[in-house]
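Report on the structure given below.
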Amino acid sequence: MPRKKKTTSEGKGNQVMPLANAAPSDFFEDVFDVVRQVPAGRVTTYGAIAAYLGSRRSARMVGWAMNASHHAFPAVPAQRVVNRQGLLSGKHHFPSDKPMEVQLRAEGVEVREDQVVDFARHFWDPTIALGL
DNA sequence: TTTTTGACGTCGC
DNA sequence: CGCGACGCCAAAA
């Protein structure tokens with residue numbers, strides 16, 4: 001799929017777009033796209049996504065992108081993204097009606113103490129799966 | 001505009 | 001094995 005080169009300002013020298021219409025940057029879309037390709041019952045990490053995008057050390061940006069994933073469409077299975085330890089670091093950000101842990105369990109991922117059990121086995125590496 | 005922050009990761013001690 | 005510092009870069013204040 002083609003990469004869209006869109007700058008934040010996009011058009012004229014406008015600096016901000018206060019309305020909710022603000023289009024996410026490529027980085028965000030890229031992250032969303034990768035996450036959406038994570039198979040159910042599998043999980044990946046922020047770092048893995050960052051590495052796939054080319055910047056191994058930009059894991060934090062992936063986290064930021066995920067922060068915006070809630071208003072993204074199609075829906076992004078953010079519950080399948082955990083940190084390197086398999087810890088559900090973003091669980092606190094999920095809507096209370098559908099906790100991260102519950103969604104993971106529904107997909108067949110066992111979670112104990114906010115951690116993915118046998119994380120290495122459930123790990124889905126975009127670098128491998130997408131054939132980088 | 002500059003400064004702060006953040007759902008992370010790695011390295012040093 | 002735990003804790004602190006740094007890196008990385010975009011969005012929000």
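Below, chains carry the letters A, B, ... as their sequence lines are ordered, and counting in each starts from 1.
Backbone-only engagement by A:S89 is indicated by non-hydrogen atom pairs under 4.0 Å involving sugar-phosphate atoms exclusively. Among the protein residues, A:A50 comes within range of no part of the nucleic acid, since none of its heavy atoms lies under 4.0 Å from any strand.
The stretch residues 98-116 of chain A does not touch DNA chain B, since none of its heavy atoms comes less than 4.0 Å from the strand.
Spacing between atom CG of A:N67 and atom C1' of B:dC8 amounts to 14 Å, rounded to whole angstrom units. In this structure, the CD atom of A:Q85 is 13 Å from the C1' atom of B:dA7, given to the nearest Å. In this structure, the CG atom of A:L87 is 10 Å from the P atom of B:dG9, given to the nearest Å. Across the protein-nucleic acid pair, A:Y46 atom OH and C:dA10 atom C1' stand 17 Å apart, rounded to whole Å. Distance, A:H70 NE2 to B:dA7 C1': 9 Å, rounded to whole Å.
In this pair, A:F32 and A:F28 present their aromatic rings perpendicular. The plane angle is above 60°, beyond the 30 to 60° band.
Judged by distance alone with a 3.5 Å cut-off, a donor-acceptor contact links the side chain of A:R60 to the base of C:dG7.
Formation of a donor-acceptor pair under 3.5 Å by the A:R105 side chain with backbone atoms of A:V111 is found in this model. No donor-acceptor pair closer than 3.5 Å links the side chain of A:R84 to the backbone N or O of A:G47.
Checked against B:dA7, B:dG9, B:dG6, the side chain of A:W64 finds its nearest nucleotide in B:dG6.
In this structure, B:dT1 makes no Watson-Crick or G-U wobble pair, since no nucleotide meets both defining distances under 3.5 angstrom.
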